[in-house]
Amino acid sequence: MTLFERSEAIFEDENILHDDYQPESLEERDEELEQYTAYLQPVINGSQPRNIFLYGKTGVGKTAVTKYLLHHLEEDAKQYDDLTVTTVYLNCEDLTSSYRVAVELVNTLRDPSEQISRTGYPLNAVYEKLWAELDQIGGTVLIVLDEVDYIGDDDSILYQLPRARSNEKIEHARIGIIGISNDFKYREKLDPRVEDTLCERELHFPPYDANELQNILEKRAALAFKDEILEGDVVPLCAAFAAQDKGSARQGLDLLLEAGDLARRRNDPVVTEDHVREAKQLLEKQRIEESMKELTSHGHLTLLAVVTSTIADSSQAPFQKQQLYEQYHDLAVATNRDPLGGRAFHNHLAELSMLGILDRTKRNEGRGGGIYYEYEIDVPIDAALSTLENLHMSGELDLESLRQNAEDQDFL
DNA sequence: TATCCACTGGAATATGTGGTCG
DNA sequence: CGACCACATATTCCAGTGGATA
């Protein structure tokens, strides 16, 4: 019996479809590129850089254009002896406070052997360390804060960084900030003083339309796949899916990659439309499983409460908070956990709804009824169940008989 | 039109964890 | 060790909410 067999060669180089791939040239972003270059011109002239704020939905090229330009900027700066340009890129998606951002900046600038921890220091102590690091680098330092909106209400770092030099915290470095956000409303939430400085220059990235997407995907696909591998409608279909959803190139590329991978696993000689459709479902499922894994154990129990209630009596769905709370309470006791109070439970339900795992409908029954939400599971029960089974609670709870029960009732 | 229900969701406060520093 | 720091999660408290109904 043959265990291993070489699969059909589908990809020329699949890395070209990955998130971190840097293309040689950028498609469909000429205007933005030109404007952006102009904004960065002061850096080459050796004067104080302007702060730049970029906004636009996910996957419209903000990060790609930034990395592309900064790379060139660093290279081109080398021809001038009196100019040193350093760029620092930081994604703030896990950094929910100015403190965290400051710590992370210090750590990216420092040698791996001298990292500092995420808590423990007073805020000012961290800033002091940061100024010291920046001063040591000197020259022009451009700091890219991707997804700045994740920093939240505490924007002191956005206030401190641009002013560090004029406040005489640092002497040798000129700091420029490039903030990237997919939420334009974020700007309005900023402290006015911060808004003034951070948004000195701003650049909007509109979503791609289906044609632009198709062009982008075609360019990449030509490099990533071997010739004659993609059936004619594959790229347009990926482009169409991505365009109707968010106009995100990222999404289209993910789709292409997954479809190709699917064909390879199946040992199919070409990539077809069906692969794309299947890839789309697979990616969506993965997204949801990802977010379910991230939850705390009480989050899982909350989800399980909804699942259990649904299986026990689906004719009752959707459910009201009190009913779910009782179910949750029993599950918590059964697993030797202190059940949370009602308010905290309510928050978990709200979070699950935000993630798209639960569906929430507001109801108002008026006098005698009042205002409340009704919750219903919004992912396949099978998916929820198997994710929960893979988590720590297996063994503590009899999920198997629950699954059996669900099967009997044709839920799966 | 005033009332009333069943929550909702904001805010202040507490608890617990993981850290620094002298 | 004890004082102090940041932060995620919970708890406690409570002022709304808003449409069907008396």
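Protein chains get the first letters and strands the later ones, always in sequence-line order, with residue 1 at the start of each.
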Proximity to the side chain of A:Tyr99 - top-ranked nucleotide from B:dT8, B:dC21, C:dC7
C:dC7
When you measure only distances, ignoring hydrogens and angles, does the side chain of A:Arg343 come within 3.5 Å of the base of B:dG9 through a donor and an acceptor?
yes
Rounded to whole Å, how long is the line connecting atom CZ of A:Arg363 with atom C1' of C:dT17?
16 Å
Is there a side-chain contact between A:Ser98 and A:Ile151, using heavy atoms and a 4.5 Å cut-off?
yes
Roughly how many Å is it from CG in A:Asp153 to C1' in B:dA11, rounded to a whole number?
13 Å
Between C:dC7, C:dT17, C:dA10, which one does the side chain of A:Arg100 approach most closely?
C:dC7
For A:His348 and C:dT9, is the shortest distance between a side-chain N/O and OP1 or OP2 below 4.0 Å?
no
Using whole Å, report how far CG of A:Asp154 lies from P of C:dA6.
10 Å
If I take atom NZ in residue A:Lys321 and atom C1' in nucleotide B:dA6, what distance separates them, rounded to the nearest angstrom?
9 Å
Taking the side chain of A:Ser117 as its heavy atoms from C-beta onward, which of B:dA6, B:dG19, C:dA10 lies nearest to it?
B:dG19
Between B:dA6, C:dA10, C:dC5, which one does the side chain of A:Tyr372 approach most closely?
B:dA6
Near A:Glu400 CD, under 6.0 Å, is it more than 12 heavy atoms from other residues, nucleotides or ligands?
no
Do any side-chain nitrogens or oxygens of A:Thr96 fall under 4.0 Å of OP1 or OP2 in C:dA8?
yes
Enter the distance from A:Ser166:OG to A:Ile175:CD1 here, rounded to the nearest 0.5 Å.
11.0 Å
Kindly say if A:Gln320 contacts the phosphate of B:dA6, meaning a side-chain N or O under 4.0 Å from OP1 or OP2.
no
Are any of the side-chain heavy atoms of A:Ile44 and A:Tyr80 separated by less than 4.5 Å?
yes
Distance, rounded to the nearest Å, where A:Asp338 contributes CG and C:dT9 contributes C1'
14 Å
What is the distance, rounded to the nearest whole Å, between atom NZ of A:Lys129 and atom C1' of B:dT20?
9 Å
Could you check which of B:dC21, C:dA6, C:dG18 has an atom nearest any side-chain atom of A:Thr119?
C:dA6
Atom CZ of A:Phe319 to atom P of B:dA6: distance rounded to whole Å?
19 Å
Comparing A:His346 with A:Tyr121, nearest DNA chain B nucleotide closer to 5' gives the residue A:His346
Let me know the distance between CG of A:Leu340 and P of B:dT15, rounded to the nearest Å.
16 Å
Is there a donor N/O on one and an acceptor N/O on the other, under 3.5 Å, for the side chain of A:Arg367 and the base of B:dT3?
yes
Centre of A:Phe345's six-membered ring, under 6.0 Å away, within 45 degrees of the axis: is that where NZ or CZ of A:Lys321 sits?
no
Tell me what A:Ile116 touches on the nucleic acid: a base, only sugar-phosphate, or nothing, going by heavy atoms under 4.0 Å.
nothing
